[in-house]
Visitor: 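Starting off with a structure, shown below.
Index from 1, following the sequence. Not measured: the values here are computed from a predicted model.
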Amino acid sequence: MEDYASAKLAEEKVFKDPVHRYVHVRDQIIWDLIGTKEFQRLRRIKQLGTSYLVFHGAEHSRFNHSLGVYEIVRRIVDDVFRGRPQWDESERLVVLCAALLHDLGHGPFSHSFENVFHTDHEYYTRLILLGNTEVNAVLRKVSEDFPERVALVIEKNYTNTLAVSLISSQIDADRMDYLQRDAYFTGVSYGHFDMERILRVIRPRQGQIVFKASGMHAIEDYIMSRYQMYLQIYFHPVSRSAEAILNHILKRAKKLYEEGHQFKFEPSHFQSFFKNEVTLEDYLALDENVLLAYFQFWMSEDDAILKDLCRRFINRDLFAHVDLNPEEEPERYAWLVEQVRSMGLDPDYYIKPDSTSDLPYDFYRPGLKSTKKPIYLEMPSGEIRELSELSHIVSAMANNIKVDYKVYYPKEIMFI
């Protein structure tokens with residue numbers, strides 16, 4: 001088994017990539033993991049969910065992204081960390097596998113799906129890694145405990161916190177890939193930052209990654225990019241409108257099933273989800289192609305609500321939106337609910353309050369719980385300083401939580 005852990009391909013394999021130019025694979029285990037059916041399923045899960053209805057280029061998948069995260073981590077551990085005294089070379093394989101497999105448990109249109117069926121992609125990532133799967137069989141060729149080690153890195157519970165920080169921190173390979181990849185495929189410019197510079201100044205230190213202080217401006221650029229991408233892409237109101245309709249489609253289908261509705265096209269792929277008896281096999285059988293096929297079929301259902309919601313989603317006849325916090329303006333919200341009712345529509349399915357919030361950068365404050373480790377800079381003297389202490393830009397953005405409230409409703413209503 002030891003031989004498999006160090007086994008290399010006879011010839012390096014490369015994936016042509018629009019963000020990193022090439023993704024390089026020399027390790028046999030990485031090549032074998034990419035070929036598993038569970039990893040190939042990620043080709044059928046979009047990285048940006050419903051955003052393709054806003055940015056027509058955003059058709060990229062979690063497969064693309066997972067390869068990208070792997071490539072960034074590979075460059076760090078093979079080109080930057082190798083030979084440095086505070087990097088344990090025996091951790092190389094576990095962090096490469098964790099980088100590649102970190103999104104393995106994502107379902108179709110992840111967040112909308114999870115909201116209705118109360119599934120958790122992190123839970124299913126663990127099941128795939130440890131269950132009766134092709135991925136597990138490959139990982140166990142290294143050792144019996146290797147799947148568990150990979151799972152612990154992804155879950156941020158691994159004993160080597162330096163390994164965890166490469167994949168999950170405020171500046172990690174996951175974020176560095178998706179910001180650039182999502183910017184590329186949506187066609188925007190503000191998701192770009194100088195990753196090459198960041199990789200040149202990253203260093204392994206006691207249980208964490210740090211960055212040479214000379215690279216501070218590249219990190220400022222990264223944080224600004226993240227801030228802009230969340231405001232302009234990830235929280236885009238039209239994409240959230242599509243998510244609202246998607247959420248209500250699944251909610252309606254579930255209610256109809258519970259009421260014994262006779263579907264023209266039986267939702268067999270959803271039955272275990274409706275009953276809350278989901279097996280790993282059931283979960284893996286669902287992807288976005290399957291969901292969209294059901295939505296197409298349900299456009300001819302007898303139920304008027306399900307039929308109309310599916311039509312709206314498939315034909316991109318989305319809800320309008322208004323800046324409104326129902327708790328702060330209850331009378332205005334109640335008026336909108338009445339307008340929906342007066343059209344003969346059910347407010348449970350035709351109105352959706354929603355809020356989004358983002359914290360561009362967090363830092364440690366004594367007495368307050370924070371799950372995010374700050375970004376640390378290493379001064380020429382060797383002293384370690386927290387980023388916002390030295391950067392006026394980051395200091396101004398830190399702890400500045402932006403919350404955006406919207407209500408979504410049928411655009412047939414004239415609402416000012």
Visitor: Which word best sums up how the rings of F117 and F274 line up, parallel for under 30°, tilted for 30 to 60°, or perpendicular for over 60°?
Guide: tilted

Visitor: Hey, are the side chains of Q232 and V188 touching, using non-hydrogen atoms and a 4.5 Å cut-off?
Guide: no

Visitor: Check E148 with R126, please: is the shortest side-chain N to carboxylate O separation under 4.0 Å?
Guide: yes

Visitor: From E383 CD over to L377 CG, what is the distance, rounded to the nearest 0.5 angstrom?
Guide: 10.5 Å

Visitor: Under 4.0 Å between a side-chain nitrogen and a carboxylate oxygen: does that hold for D308 and R312?
Guide: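 Yes, this pair counts.
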
Visitor: Do the side chains of R203 and E378 get close enough for a salt bridge, i.e. N-O under 4.0 angstrom?
Guide: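 Judged by the 4.0 Å cut-off on N to carboxylate O distance, R203 and E378 do not form a salt bridge.
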
Visitor: Taking the inter-plane angle between the rings of F270 and W298 on a 0 to 90° scale, is it parallel (under 30°), tilted (30 to 60°) or perpendicular (over 60°)?
Guide: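 Ring orientation of F270 relative to W298: tilted.
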
Visitor: Side chains of T125 and D103: does their closest heavy-atom pair fall under 4.5 Å?
Guide: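 Contact flag for T125/D103 side chains = no.
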
Visitor: In terms of ring plane angle, is the pair F319 and Y350 parallel, tilted or perpendicular, where the classes change at 30° and 60°?
Guide: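 The arrangement is tilted - the two ring planes meet at 30° to 60°.
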
Visitor: When rounded to the nearest 0.5 angstrom, what distance separates SG in C310 from CZ in F297?
Guide: 11.5 Å

Visitor: Check the pair E220 / V394 against side chain to side chain contact (heavy atoms under 4.5 Å, CB included), numbers first and verdict last.
Guide: CA-CA 7 Å; E220 289 175 335; V394 174; 4.1 Å; yes

Visitor: Just to verify, what does N136 make a side-chain contact (heavy atoms from CB on, under 4.5 Å) with, not counting sequence neighbours?
Guide: T133, R140, P147

Visitor: Measuring from R205:CZ to S165:OG, what's the distance to the nearest 0.5 Å?
Guide: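 Answer for the CZ-OG pair, R205 versus S165, is 12.5 Å.
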
Visitor: Got L67 and E71 here, is their nearest side-chain heavy-atom distance under 4.5 Å?
Guide: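 L67 does not reach E71 side chain to side chain.
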
Visitor: What about Y52 and F185, are their ring centers closer than 6.0 Å?
Guide: no

Visitor: Could you tabulate the donor-acceptor pairs under 3.5 Å formed by side-chain atoms of residues 233-240, not counting sequence neighbours?
Guide:
residue: Y234; atom: OH; partner: D182; partner atom: OD2; Å: 2.7
residue: H236; atom: ND1; partner: V238; partner atom: N; Å: 3.1
residue: S239; atom: OG; partner: T50; partner atom: OG1; Å: 3.0
residue: S239; atom: OG; partner: S51; partner atom: OG; Å: 3.4
residue: R240; atom: NE; partner: D354; partner atom: OD2; Å: 2.9
residue: R240; atom: NE; partner: Y408; partner atom: OH; Å: 3.4
residue: R240; atom: NH1; partner: F235; partner atom: O; Å: 3.1
residue: R240; atom: NH1; partner: D404; partner atom: OD2; Å: 3.0
residue: R240; atom: NH2; partner: D354; partner atom: OD2; Å: 3.4

Visitor: Mind checking the CZ-CD1 spacing from R197 to I219? Nearest 0.5 Å is all I need.
Guide: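 Interatomic distance, R197 CZ to I219 CD1, rounded to 0.5 Å: 9.5 Å.
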
Visitor: I want to know whether F265 and Y294 have ring centres closer than 6.0 Å.
Guide: yes

Visitor: Answer with yes or no after comparing the ring centroid distance for H102 and H65 against a 6.0 Å cut-off, counting only values under it.
Guide: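 Yes, the ring of H102 comes within the 6.0 Å limit of the ring of H65, centre to centre.
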
Visitor: Please determine if D348 and K251 form a salt bridge, counting it only when a charged side-chain N lies under 4.0 Å from a carboxylate O.
Guide: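 Salt bridge between D348 and K251, a charged N being under 4.0 Å from a carboxylate O: no.
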
Visitor: Would you please classify the geometry between the H248 ring and the Y349 ring as parallel, tilted or perpendicular, with 30° and 60° separating the classes?
Guide: perpendicular

Visitor: Do F39 and F63 have ring centres separated by under 6.0 Å?
Guide: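 They qualify: ring centres under 6.0 Å apart.
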
Visitor: Do L292 and I314 have side chains that get closer than 4.5 Å, going by heavy atoms?
Guide: yes

Visitor: Which atoms form the tightest heavy-atom contact between S61 and R43, and what is the distance?
Guide: CB-O, 3.6 Å

Visitor: What distance do H269 atom NE2 and Y283 atom OH have between them, rounded to the nearest 0.5 Å?
Guide: 15.0 Å

Visitor: When you measure from the centre of the six-membered ring of Y409, is the NZ or CZ of K352 closer than 6.0 Å and no more than 45° off the axis?
Guide: no

Visitor: Is it true that E196 and R75 make a salt bridge, defined as a side-chain N closer than 4.0 Å to a carboxylate O?
Guide: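 Answer for the salt bridge query: yes.
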
